[in-house]
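Note sheet for the following structure.
Numbers restart at 1 for each chain; the letters A, B, ... are given by sequence-line order, proteins then strands. As a basis for the values below, the full set of heavy atoms in this structure was taken, side chains included, without hydrogen atoms, waters or symmetry mates.
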2 protein chains.
Amino acid sequence: MPVYKAPVEDAMFLINDVLDINKYNNLPGFEDVSADTVAAILGEGAKLCEEVLQPLNASGDREGCHRAADGTVTTPNGFKPAYESYRAGGWVGLPAPVEYGGLGLPAVLNSVMQEFVSGANLAFGMYPGLTQGAIAAMLEHGSDEQKNTYLPKMISGEWTGTMNLTEPHCGTDLGLIRTKAVPNGDGSYKISGQKIFISAGEHDLAANIVHLVLARIEGAPSGTKGISLLVCPKYLVKEDGSPGERNTLSCGKIEEKMGIHANATCVMNYEEATGFLVGEENKGLAAMFVMMNEARLAVGVQGLAMGEVSYQNAASYARERLQGRALSGVKEASKPADPIIVHPDVRRTLMTARALNEGGRALALVTALQADIHRRSPDAAARQAADDRLGLLTPIIKAILTENGLQNAINSQQMFGGHGYIAEVGVEQFVRDARITLIYEGANGIQALDLVGRKLPRDGGRAMMAYLAELNGFLKAHEADEALKPYVAPLKVSAGHLQQATMWLMQNALAKPDNAGAASTDYLQLFGLVAMGYMWAQMAKAALAKGDDAFAKNKLVTAKFFADRLLPETGLRLARVTAGAGDVMALPAEAF
Amino acid sequence: MPVYKAPVEDAMFLINDVLDINKYNNLPGFEDVSADTVAAILGEGAKLCEEVLQPLNASGDREGCHRAADGTVTTPNGFKPAYESYRAGGWVGLPAPVEYGGLGLPAVLNSVMQEFVSGANLAFGMYPGLTQGAIAAMLEHGSDEQKNTYLPKMISGEWTGTMNLTEPHCGTDLGLIRTKAVPNGDGSYKISGQKIFISAGEHDLAANIVHLVLARIEGAPSGTKGISLLVCPKYLVKEDGSPGERNTLSCGKIEEKMGIHANATCVMNYEEATGFLVGEENKGLAAMFVMMNEARLAVGVQGLAMGEVSYQNAASYARERLQGRALSGVKEASKPADPIIVHPDVRRTLMTARALNEGGRALALVTALQADIHRRSPDAAARQAADDRLGLLTPIIKAILTENGLQNAINSQQMFGGHGYIAEVGVEQFVRDARITLIYEGANGIQALDLVGRKLPRDGGRAMMAYLAELNGFLKAHEADEALKPYVAPLKVSAGHLQQATMWLMQNALAKPDNAGAASTDYLQLFGLVAMGYMWAQMAKAALAKGDDAFAKNKLVTAKFFADRLLPETGLRLARVTAGAGDVMALPAEAF
């Protein structure tokens, strides 16, 4: 059976040594976050994930969710008490404001906990995960009355949340939404329509489910400018705040999927269901984007989690499985064969996973810290800069952490040979589960378009220029440092590739937008490698400062592996970016 | 529901225009293989695959195989009549010698048909596919009596075959095999032991199942030098050639797997089962390798097939799914949105799949042709050269065609957005099914070791030197040709990378074998890109000669896409090869 050990030590190193969050103790919520507090919180979280959630992962996959004829949905055996433990521990409201019952702790810590939960049980993690997204949207766009009605219950985890965007004919292109909302005249609306792929749309874990629904208010303009966000609870809320009358919405079906079987993916039918406008009429897309950006970072972290748990299982198998002898001579003569970890190709696979996981984690956490600064800093310029960075890195994190996660899951499965393909061994589940992360919350191709088409040119390229300035500053400050040279010198080459690619886009995409589209995925991958390489250089610096312990030494080995073997891919990506759209668009559509 | 159209036109182009098999009409079996015959055979085969096998693919996946308490196994609904059609069509014996009832046709045609069958229904194709491997081993190592007893029935498809290698504690390292064979004194043996992962080990499609089993004859030396190959039929064969007494072997369990559910993957228990030695005592591994090499090429072709069918479904979805507008301006104003094929990133994905599929098919067929020359040429030098080439390219084809197949399946699924993750849409099955091809018949890491550790140094590097000489000859002969320049010039750069990598291995792997191991996978990938690039250059040449039709024009576009966007990866692979084993081996095993 698969194992999982939450990577507490690595998270602590990032938080304390690399990000040095002590520096931010002027921010609200950061005052009391000492290294000891972080250790205590992450230790508690790790325990819950390892002891309660992970043991339900394989059984949850086998059992799946079940919808009864009356539309009620039951989660797999054990999920209810597990959710109750999770909820009671205060984890749903970890980063939420204290005034609504949250713990008000940094998003950085929440991001670490999201990884632990997902690594232990991805399908489980989606129930509270979606609630966190809904909380964020409600906090930013809800009225005071709505906040008071919904937030305390969602933050305590008594109620869960969902996001309802997709319809059968539209996913990416939300301008095509048909679900309609008709005003009742009393400030409420009747919502009618069908939504699909609604994660956690119906289940038995919570007393109420708060659906955030994109719909078109009668008479609204067509396209994305006519879409509004409405809150539509499963049970309408009574004056005293408790769940009352059942709303006229229901789960029509749960999907049979490739993976995440323990999460209920619902078709939701709204039949004149009562809903209430959140934020301004026809400004629903902007409101939903708060939730979506939150979710995109979280999905990147899910990918990371899949990469980590897969790696851990492959590593422990590789240390135990006896097969063949080392090329460099017999290593364990008393045994019938050496453990397969003696083989360089097995090592290469494991080192690749390690380098991508640790680099990905660093990138996720430095970005989560931007979310904290954006939300909490008293300094407007700092808030702006953090928001720029957050916007720039979000599509990169969503796409590269999920792609690396799937690739690690596949490569780790490969270590098991034929056994990896057998369901009861348990590692094929990681591949099936990881697969969704590349798709939902904006398929990765959409992330690439978001980066190239929106995030890069926005505000005259301000976010990108600030990023490159910081990176070049770091390179300049450290390039003479001999100890850092193995990490900084290759990064300088790759940073040059990123600059060239960016320049090429500026020169070639405006006149011919297809050049941007054809370059988008390779540009994102190139940027992702550089962003990770930058984090690896910072980790190497922190490890050198940390001294001579095993953790620091291993970190430097992995940093060098990343610099020597993974970072050089930027050259290939640059070649593809600058190849242009010509070959890509040359065939007539009917030739495919 | 997924669609599949066998790529007959592309296969015909390769056979007639690129390989020009008319040139080989001096070989037995090739005399009458005119373009018309090829068209007729492939047309028949395509029809069977599209109309009979493909419609059973999704249902077979859902139903799976079932083992009853008595150990009998039933295949999914419809498989029995489908197998009967397949068998009656003579497809099992397509390349087998006429004297045993085969059609004696070229392996090249068989390879095409293997692709069609696998593209239509991978799990189905394994039943006759394994039989073909068993036929090959029996032909090369069986006694005349054994050949007369088994071959006609296997070639007609009345009986099927299996290969029994793996045991719970050993897969790759066959020296650890424990299954034993005790002589009965009458030339027969009693076989006892447990074999796992036996594809098609038990089923209801054939009157008898001919198991080829690796076992250790009592008193044999330990390790791989004490392994023998035995034939062990499910029903012992009577004097008159018909199945008689039930042998004491049985299917103890069928595995629940990630995919290929319609193929029975069996645990086989041998309890003093009667078997007969095939070939020489203690030379079983060499005999099994005949079957395994055959199977490795076939598995590469399975990977290709998964890549092709995935691509076809993604392409047809991309032409139909309306979502968003083209970056370059609205394309279909009368519709609510443009089809997603207008988006360059969608095109890039589809073009990548096309380039890898068509290049992979060319590589598979040129290698199958070497098998024909090796087996049929009257010229000893030609036979030797063909065998060298076959040995050199087999691990590359197994590994890169399966990896590209899985990647194409994943990328094609991605085109469907959330719909791709839903079981009933049917494309997630391609990912699950394709996944096994990287694992079985020698996991791809083993292929890389086989290439670098065995195939490259063998006979003083003769096979590799011949390959490079031919490639350099082609480059020299065509580098001045302006029309070919877009394909030949990049190939020359990449061929240089292959030469540098080969040189590096020669200089660095002998003294430190870990350098070979650490480089093996990247070297294989580099070689695979060059080998495919070489085929693309030859295809471009044939397309230019073919003139101005749409097929030839599309081929040239795809050739250029390959040269501009995929081939440059050789530079990255070279950097990794020459990075050496240092970083890879630096961590202590317990650090993982």
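No side-chain donor-acceptor contact under 3.5 Å links Lys512(B) to the backbone of Gly580(B). No donor-acceptor pair under 3.5 Å is formed between the side chain of Gln414(B) and the backbone N or O of Ala409(B).
Chain A forms the most heavy-atom pairs under 4.5 Å with one residue out of His343(B), Glu255(B), Lys560(B), and that residue is Lys560(B). Of the residues considered (Ile260(B), Asp522(B), Thr570(B), Leu174(B)), Ile260(B) shows the highest number of contacts with chain A, using heavy-atom pairs under 4.5 Å. For the options Asp514(A), Val557(A), Thr558(A), heavy-atom pairs under 4.5 Å to chain B are most numerous at Asp514(A). For the set Arg565(A), Arg348(A), Met351(A), the count of heavy-atom pairs under 4.5 angstrom toward chain B peaks at Arg565(A). Interface remark: of the candidates Ala353(A), Ala315(A), Ser328(A), Ser328(A) forms the most heavy-atom pairs closer than 4.5 Å to chain B. For the set Ile439(B), Asp564(B), Val431(B), the count of heavy-atom pairs under 4.5 angstrom toward chain A peaks at Ile439(B). Interface check for chain A: of the options Leu350(B), Thr352(B), Ile436(B), Ile341(B), the most heavy-atom pairs under 4.5 Å are formed by Ile436(B). Of the listed residues (Tyr421(B), Phe592(B), Phe197(B), Phe416(B)), the one with the most heavy-atom contacts under 4.5 Å to chain A is Tyr421(B). Put simply, of Ala575(B), Gly171(B), Gly329(B), the one with the most heavy-atom pairs under 4.5 Å next to chain A is Gly171(B). Between chain B and the residues Ser316(A), Ala326(A), Gly259(A), the most heavy-atom pairs under 4.5 angstrom are made by Gly259(A). Ranked by heavy-atom pairs shorter than 4.5 Å toward chain B, the options Gln323(A), Arg573(A), Gln413(A), Gln429(A) are led by Gln323(A). Options Thr172(A), Ile410(A), Thr349(A) differ in how many heavy-atom pairs under 4.5 Å they form with chain B, and the most are formed by Ile410(A).
Here the side chains of Leu449(A) and Asp345(B) are not in contact, with every heavy-atom distance at 4.5 Å or above. In this structure the side chain of Tyr317(B) never reaches within 4.5 angstrom of the side chain of Val427(B), judged on heavy atoms. Within the 4.5 Å cutoff, the side chain of Pro344(B) has heavy atoms near those of the Leu327(B) side chain.
A donor atom on one side chain and an acceptor atom on the other are found under 3.5 Å apart for Gln525(B) and Glu403(B). A donor-acceptor contact under 3.5 angstrom links the side chains of Lys257(B) and Thr265(B), judged on distance only. Asn313(B) and Ser412(B) share no donor-acceptor pair across their side chains, judged by distance under 3.5 Å alone.
In this structure, chain A has no heavy atom under 4.5 Å from any part of Val425(B). In this structure, chain A has no heavy atom under 4.5 Å from any part of Pro339(B). Heavy-atom distances place the backbone of His169(A), and not its side chain, under 4.5 Å from chain B. Of the atoms belonging to Leu572(B), it is side-chain heavy atoms, and not backbone ones, that fall under 4.5 Å from chain A. Only the side chain of Arg319(B) comes within contact range of chain A, with at least one heavy atom under 4.5 Å from a heavy atom of that chain. Neither the backbone nor the side chain of Ile340(B) comes within less than 4.5 Å of any heavy atom in chain A. Only the side chain of Ile196(B) comes within less than 4.5 Å of a heavy atom in chain A; its backbone stays farther off. In this structure, the portion of Leu176(B) lying under 4.5 Å from any heavy atom of chain A is its side chain and not its backbone. Heavy-atom distances place no part of Asn515(A) under 4.5 Å from chain B, backbone and side chain included. Using a 4.5 Å cut-off between heavy atoms, Phe551(B) makes no contact with chain A at all.
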Legend entry - Evaluation steps, side chain to side chain contact (heavy atoms under 4.5 Å, CB included), between Glu256(A) and Ile422(B): CA-CA 6 Å; Glu256(A) 269 194 56; Ile422(B) 306 299; 5.8 Å; no

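Between Lys331(A) and Asp338(A), none of the side-chain N atoms (NZ, or NE/NH1/NH2) sits under 4.0 Å from a carboxylate O, so this pair counts as no salt bridge. Taking a cutoff of 4.0 Å between a charged side-chain nitrogen and a carboxylate oxygen, Glu167(B) and Arg178(B) do not qualify as a salt bridge.
A salt bridge (charged side-chain N to carboxylate O under 4.0 Å, His left out) check over residues 421-430 of chain B, counting only residues at least two apart or in different chains, returns the pairs Lys253(A)-Glu424(B), Glu428(B)-Arg432(B).
Every residue two or more places apart in sequence or in another chain that forms a side chain to side chain contact (heavy atoms under 4.5 Å, CB included) with Asn554(B) is listed here: Leu587(A), Pro588(A), Ala591(A), Arg354(B).
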